[in-house]
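Let me begin by presenting the structure, written as structure tokens, before commenting on it.
All values reported here derive from a predicted model rather than from experimental measurement. Throughout, protein chains are lettered first and strands after them, A, B, ... in sequence-line order, and every chain is numbered starting at 1.
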Amino acid sequence: MDKAYEPAAIEQRLYREWEASGRFVPAAAGTPYCIMIPPPNVTGTLHMGHAFQDTIMDALTRYHRMRGDATLWQMGTDHAGIATQMVVERQLNAAGETRAGLGREAFLKRVWEWKAQSGGTISQQLRRLGASVDWQRERFTMDEGLSQSVTEVFVRLHEEGLIYRGKRLVNWDPVLLTALSDLEVLATEEEGHLWHLRYPLEDGSGHLVVATTRPETLLGDSAVAVHPEDERYRALLGKRVRLPLTDRLIPIIADDFVDREFGSGSVKITPAHDFTDNEVGQRHNLPLINIFTPDARLNENVPQALRGLTREQARERVLAELESAGLIERIDKHKLMVPRGDRSGAILEPLLTDQWYVRIAPLAEPAIAAVKSGQIKFVPENWSKTYFEWMNNIRDWCISRQLWWGHQIPAWYDADGNVYVARSEAEALMQARRKTGREVTLTRDADVLDTWFSSALWPFSTLGWPDQNADLARFYPGNVLVTGFDIIFFWVARMIMFGLKFMGDVPFREVYVHGLVRDGEGQKMSKSKGNVIDPLDIVDGITLEALLQKRTTGLMQPHLAPAIDKATRKQFPNGIEAHGTDALRFTFAALATQSRDIRFELGRVAGYRNFCNKLWNAARFVTMMTTDKPVAPPGTVSASVVDRWILSRLREAILATDEGFAGYRFDMAATALYEFTWHEFCDWYLELAKPVLQGDDVEAAAATRRTLLTVLETLLRALHPIMPFITEEIWLRIAPAASVGGDTIMTAPWPEARRLRADADAAQDVDWMKGVILALRQIRGEMDISPARKLSPLAQGATAGDIERFTRYEALLGRLAGIDELRVLAPGETPPASAASVVGDMTLHVPMQGLIDPAVELTRLKRKQEKNQQEITRARAKLENPNFVNHAPPEVVVTERERIAQFEKVNASLARQIEIVQGLVVN
RNA sequence: GGGCGGUUAGCUCAGUGGUAGAGCAUUGCUUUCACACGGCAAGGGUCACAGGUUCAAAUCCUGUACCGCCCACCA
């Protein structure tokens with residue numbers, strides 16, 4: 001074995017072997033365990049969020065696979081309608097072409113080409129992470145089977161009246177020229193103005209002042225509203241105002257939605273361009289005057305001179321005209337929420353259009369019940385509140401998009417505008433024939449469905465639905481959905497609704513909601529912030545030059561490049577070192593707390609890379625110690641206390657790991673394994689094993705070799721779900737020596753804690769040993785005694801038990817504490833001038849003999865005494881409080897009494913020593 | 001406006017009634033035959049603040065401050 005762990009040398013080789021030998025395919029037998037991957041964008045690349053999420057899903061999958069479950073981690077990719085279309089369109093534009101110029105068919109061909117070209121990236125990246133997905137079942141939301149599912153769902157929902165077409169106000173993106181759902185609207189707080197405008201009264205008796213943030217929409221006003229009980233305006237009710245810039249007279253109406261305190265207390269009503277106003281308009285039967293074209297320019301419904309102006313130009317012109325007519329009363333600065341498209345960033349315009357909607361309330365009801373009843377459990381549980389909050393106020397879902405890339409809506413129109421929703425054009429024609437009694441020509445609806453529509457079907461469409469097949473029966477419902485809280489509404493809620501509707505059962509039993517990966521400063525990682533880290537660059541390493549190149553090219557805002565360049569140079573002056581996949585994965589596991597924000601710091605990965613190296617070297621040591629040497633046969637019951645202790649500790653580590661996996665506390669599983677590996681197995685067990693391995697007792701050495709192999713082999717299996725590569729590499733080397741069969745650790749059984757024995761007695765002995773060793777090490781460390789220098793300590797006040805243990809563990813203590821010879825003082829015998837430390841009932845003395853500076857020892861003792869005294873004071877106060885003694889559980893009181901007794905013993909010893917050493921210092 | 005989080009060592013975070021923890025960073029010693037990506041030792045915290053409940057509060061309750069996220073029709 002190499003001296004240092006070299007991940008690059010093994011990872012890809014092992015993965016290829018796993019994949020080639022079909023290790024990711026679900027076992028024929030076993031309890032089904034299924035996780036559906038949140039499908040990444042087919043043309044996308046792996047980012048930190050994916051890497052984090054996929055690590056967790058893979059760890060769960062590997063854990064269950066080792067436990068004998070028939071695991072299916074279903075892989076697939078998403079067509080990501082708007083995102084993908086935008087990318088291809090940008091490429092076209094860069095090449096001087098346009099989507100419109102190309103036409104629908106040719107454009108779609110380009111998108112498919114782009115998919116073919118870049119579609120493999122994310123899959124290759126997933127492989128680098130060690131993801132044990134079943135590649136043979138990989139699906140794509142727009143492949144034939146899934147498209148069929150989409151059509152089937154659409155048709156069935158339409159038949160039930162749960163999908164309808166309607167002309168309503170929608171969130172319209174004037175740049176992308178498509179409708180969006182409410183969820184795709186980002187409300188951003190922006191600085192704006194509140195203009196107080198004068199609307200002249202029809203009778204010439206003055207004017208009414210309205211306050212607005214969007215003066216340009218005045219052109220579409222069809223009323224002015226005031227609160228019915230507002231005394232200021234009561235006399236005006238029923239009168240009309242003359243709308244400036246137009247010749248229209250519009251009524252002054254009363255509606256109690258108006259806030260009297262805000263602005264002027266009087267609101268202009270624009271039913272065609274504002275959601276609230278639209279509702280008011282419906283209540284009062286106001287006409288809708290649409291003043292915008294799809295790209296948000298003024299249309300033919302405004303005065304000739306203004307037509308064709310953009311919203312911005314329109315605002316300027318309207319304000320200028322009002323100003324010159326003396327109709328602006330006041331302009332206030334005002335913060336307002338501006339709705340922007342989550343993809344384009346464009347300010348959205350509420351626009352009256354024909355769209356398809358899902359009538360969602362009937363679907364939401366059982367979905368709410370499923371979570372309430374515990375059929376689906378959110379982890380952490382608190383997220384169910386967020387879910388309920390949204391589900392209880394859910395609104396119909398606009399599912400049509402005016403895009404080309406996506407599932408085209410299965411609806412056809414005849415010349416008279418009749419609509420036929422069908423599984424195919426042939427079926428639509430039949431419907432048309434039946435309805436009209438003649439042959440008609442049909443035109444298919446040009447729109448496509450919201451990407452999330454197909455995503456909602458993911459848990460069953462991937463398994464072949466609407467075919468009722470064995471896979472569907474076996475793997476639906478899945479066990480857990482692993483996802484970020486940002487898509488609870490977009491995706492989780494919709495899968496639950498559609499799963500219940502079409503499968504009659506929930507799509508998964510648990511939803512594990514993890515936090516979002518951010519950079520070290522807690523900032524969201526984004527290209528424009530220049531703080532993106534490619535997970536594979538952490539795995540493989542990257543030079544500063546290449547990193548700068550990645551971060552500063554292809555920016556939407558190229559002017560940010562210099563700042564990004566500078567920040568990157570500062571943060572990574574030498575680029576990023578290679579850490580290997582396992583270190584990255586372990587980091588993600590350790591970061592998987594219940595927190596919403598996961599701050600990612602490279603230092604953490606470096607720490608876990610060191611951990612890999614530690615494990616590697618421990619294995620190297622075990623190999624060297626066991627190769628070509630006698631090893632006790634497997635199943636030998638080791639007589640060694642130390643052996644029984646480490647096996648007992650291993651048991652506890654595995655229990656903690658099991659608990660971590662069961663409760664989605666991967667941080668705790670990772671910590672338990674780290675702690676055991678480094679601080680129990682390496683720091684103590686290997687050190688305690690050395691004297692035995694090198695000692696004269698051949699049988700004891702053989703038994704210890706067996707334990708070394710057993711613990712390491714078991715530990716590797718316990719670590720495997722989180723760190724698949726290094727564990728496999730080591731396991732393949734040592735499994736035969738450990739008398740374990742199998743060609744891969746992947747399908748080796750998960751270690752069962754119940755097969756390991758808890759041994760409290762062994763733990764007591766080892767704790768005693770540690771106490772003695774630590775006490776002497778402390779003196780050595782603080783007194784700056786060279787590690788090479790052996791000590792000859794004296795034990796004062798040793799009990800019979802202590803003496804017996806000194807004899808039994810002489811060799812171990814000698815090696816680990818650097819003891820030359822230890823002597824037990826007779827009762828009453830006075831030790832020479834020494835540094836001292838209390839262990840249990842006895843005090844260990846290290847004679848000064850010119851080694852120890854009394855002044856330094858005095859300082860050390862006094863510091864100890866002070867700390868000890870604090871504890872005594874606190875414990876005494878407790879015990880002197882009768883309420884504590886009377887009310888606290890008896891065992892707590894007993895513990896407290898024992899503590900204080902121990903402290904006082906230590907204190908007495910310290911006081912004695914201080915007196916002695918004090919004398920030496922004075923002289 | 002409504003809802004949900006967070007505030008613990010220099011940094012990043014666990015801990016959720018009974019002796020304040022980890023990793024990284026810091027300091028000293030150490031190149032000893034698994035590992036310097038190492039070993040040994042040390043320093044470092046009135047657990048945001050104020051009340052309350054309790055024998056006992058970082059932990060439970062109430063309030064305050066600051067930070068953050070989500071939802072929402074104050075134009």
Side-chain angles (χ1 to χ4, degrees), chain A residues 1 3-5 182 187 194 210-214 217 225 257-270 274-280 334 336-337 382-383 385-386 388-390 393 485-486 488-489 516 520 522 577 579 583 587 590-591 593-604 606-625 665 667-668 671 674-675 679 682-683 686-687 690 694 774 777-788 818 860 863 871 874-875 878 881-889 891-893 895-896 899 903:
Chain A
M1 285 174 84
K3 189 172 172 184
Y5 175 57
D182 296 337
L194 191 59
V210 301
T212 181
T213 54
R214 296 199 61 193
T217 62
F257 97 95
V258 179
D259 180 352
R260 279 170 280 183
E261 309 297 318
F262 188 86
S264 62
S266 133
V267 192
K268 60 195 268 321
I269 303 297
T270 320
D274 183 280
F275 289 99
T276 312
D277 291 5
N278 189 264
E279 286 173 29
V280 177
H334 181 65
L336 69 158
M337 299 303 276
N382 221 259
W383 287 109
K385 282 190 189 170
T386 306
F388 289 134
E389 184 83 2
W390 188 67
N393 300 297
F485 58 80
D486 51 334
I488 289 179
F489 307 146
L516 266 31
E577 283 181 54
H579 295 84
T587 307
L591 288 175
T593 65
Q594 300 207 332
S595 164
R596 293 184 177 194
D597 293 334
I598 295 158
R599 293 201 192 195
F600 189 89
E601 290 178 305
L602 262 187
R604 199 87 192 242
Y608 293 124
R609 177 202 52 193
N610 297 354
F611 176 62
C612 289
N613 193 57
K614 189 78 180 174
L615 178 65
W616 180 260
N617 276 286
R620 203 158 71 95
F621 175 72
V622 172
T623 307
M624 291 186 325
M625 288 301 134
R665 288 302 304 264
D667 57 328
M668 293 184 162
T671 305
Y674 180 96
E675 179 70 21
H679 299 307
C682 292
D683 284 354
L686 295 187
E687 295 308 319
K690 283 173 187 176
Q694 293 158 3
L774 290 172
R777 276 183 186 169
Q778 192 178 43
I779 291 173
R780 190 191 285 281
E782 295 206 26
M783 297 300 131
D784 270 355
I785 300 171
S786 156
R860 190 183 73 95
R863 203 174 60 225
E871 292 295 336
R874 205 185 329 175
K878 255 188 177 178
N881 179 356
N883 284 328
F884 172 70
V885 181
N886 295 332
H887 290 95
E891 64 272 19
V892 173
V893 178
T895 310
E896 203 61 31
R899 280 188 70 217
F903 284 131

Note to self: The criterion is ring-ring contact (aromatic ring centres under 6.0 Å, His included); which residues satisfy it with A:Phe600, sequence neighbours excluded?
What the structure shows: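 Applying ring-ring contact (aromatic ring centres under 6.0 Å, His included) to A:Phe600 gives A:Phe588.
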Note to self: Filter on salt bridge (charged side-chain N to carboxylate O under 4.0 Å, His left out), then keep only pairs touching residues 606-616 of chain A, sequence neighbours left out; what's left?
What the structure shows: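 Sorted result for residues 606-616 of chain A: A:Glu577-A:Arg609.
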Under-3.5 Å N/O pairs linking protein and nucleotides 20-22 of chain B:
from	atom 1	to	atom 2	distance (Å)
B:rA20	OP1	A:Arg874	NH1	3.3

Check: Is any side-chain heavy atom of A:Arg620 less than 4.5 Å from a side-chain heavy atom of A:Lys3?
Finding: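 Yes, at least one pair of side-chain atoms sits under 4.5 Å.
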Notebook entry, point to check: For the base of B:rC35, is there a side-chain donor-acceptor partner from A:Lys614 under 3.5 Å away?
Noted result: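 Indeed there is one.
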Note to self: Counting distance alone, no hydrogens or angles: does the base of B:rU19 have a donor or acceptor under 3.5 Å from a partner atom on the side chain of A:Arg899?
What the structure shows: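 Per atom types, the contact qualifies.
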Check: RNA chain B: A:Cys612 or A:Ile598, which has the more 5' nearest nucleotide?
Finding: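 It is A:Ile598, whose closest nucleotide lies nearer the 5' terminus.
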Notebook entry, point to check: Using the P atom in both, what is the distance from B:rC13 to B:rC55, to the nearest Å?
Noted result: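 Here B:rC13 and B:rC55 have their P atoms 37 Å from each other.
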Check: Below 4.0 angstrom from OP1 or OP2 of B:rA34, is there any side-chain N or O of A:Lys690?
Finding: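 Yes, A:Lys690 has a side-chain N/O under 4.0 Å of OP1/OP2 on B:rA34.
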Margin query: Within the 4.0 Å limit for protein heavy atoms, which parts of nucleotides 69-75 of chain B are touched? Write it as a string from 5' to 3', B for base, S for sugar-phosphate only, - for none.
Written below: BSSBBBB
Check: In whole angstrom, what separates A:Asn610's CG from B:rA36's P?
Finding: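 Distance, rounded to whole Å: 11 Å.
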Next item on the list: Please report, rounded to the nearest Å, how far the C1' atom of B:rG5 is from the CZ atom of A:Arg599.
Entry: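 Going from A:Arg599 (CZ) to B:rG5 (C1'), I get 14 Å.
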Next item on the list: Please list every stem that involves RNA chain B, where a stem is a run of 3 or more consecutive Watson-Crick or G-U wobble pairs with both pairing distances under 3.5 Å.
Entry: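 Counting only runs of 3 or more consecutive pairs, the stems involving RNA chain B are B:1-7 with B:65-71, B:10-13 with B:21-24, B:26-30 with B:38-42, B:48-52 with B:60-64.
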Notebook entry, point to check: Considering residues at least two apart in sequence or located in another chain, which fulfil the side chain to side chain donor-acceptor pair (under 3.5 Å) criterion with A:Glu601?
Noted result: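 None.
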